[in-house]
Amino acid sequence: MTVLKVCYKNGAPFNETYYYETHIPMAGEIMGSLGVKRTEIVKVSGSVPGFTTPYQFVFSAYFDSPADVQRCMSDPRMGQVLGDVPNSFTGETAVIVGEAVG
């Protein structure tokens, strides 16, 4: 299984209400038709002693393959999803793709 993660960095306000009530339903409707098998949102609440985290939220979308991620992200409708991000978060994001191996 291939996972796409969008990591929202600390240091900028995050409008949780808009994110949960507007952005995620819109993204789910579009991405659901583009091969997403499941999604997950983690609200980072801290870290263990000796470690720090640079992120406040992490969104994960799971696909069957890297080709499915590519197909989803290149679909013209994803412009609507990406263009909506600043309505809930204007800081930096890190976007990573990898294989879930365990």
Testing the basics here: between [X] and [Y], what is the closest heavy-atom pair and its distance to 0.1 Å?
| X | Y | result |
| --- | --- | --- |
| Cys72 | Met78 | O-CG, 2.9 Å |
| Met31 | Ala61 | CE-CB, 3.9 Å |
| Met1 | Tyr62 | SD-CB, 3.7 Å |

Should the heavy atoms of other residues, nucleotides or ligands under 6.0 Å from CD of Glu40 be counted, would the total exceed 12? yes

Got more than 12 heavy atoms from elsewhere within 6.0 Å of CD, Glu16? yes

Flag the pair [X] / [Y] as yes when at least one side-chain heavy-atom distance between them is below 4.5 Å, and no otherwise.
| X | Y | answer |
| --- | --- | --- |
| Leu34 | Arg77 | yes |
| Thr2 | Val97 | yes |
| Tyr18 | Asp84 | yes |
| Val42 | Tyr55 | no |
| Pro66 | Glu99 | yes |

Are [Y] and [X] co-members of a hydrophobic cluster defined by side-chain heavy atoms under 4.5 Å apart?
| X | Y | value |
| --- | --- | --- |
| Leu82 | Val69 | yes |
| Val95 | Val58 | no |
| Val3 | Val81 | no |
| Ile41 | Phe14 | yes |
| Val36 | Tyr20 | yes |

Might you work through the side chain to side chain contact (heavy atoms under 4.5 Å, CB included) test for Met73 and Leu4, ending with a clear yes or no? CA-CA 10 Å; Met73 295 308 293; Leu4 166 78; 3.9 Å; yes

Is a donor on one side and an acceptor on the other found under 3.5 Å between the side chain of Gln56 and the backbone of Ala12? yes

Test item: Thr22 side-chain N/O and Tyr19 main-chain N/O as donor-acceptor pair under 3.5 Å: no

How long is the straight-line distance from OG1 of Thr90 back to OH of Tyr8, given to the nearest 0.5 Å? 12.0 Å

Nearest 0.5 angstrom please: Asp75 CG to Ile30 CD1, how far? 8.5 Å

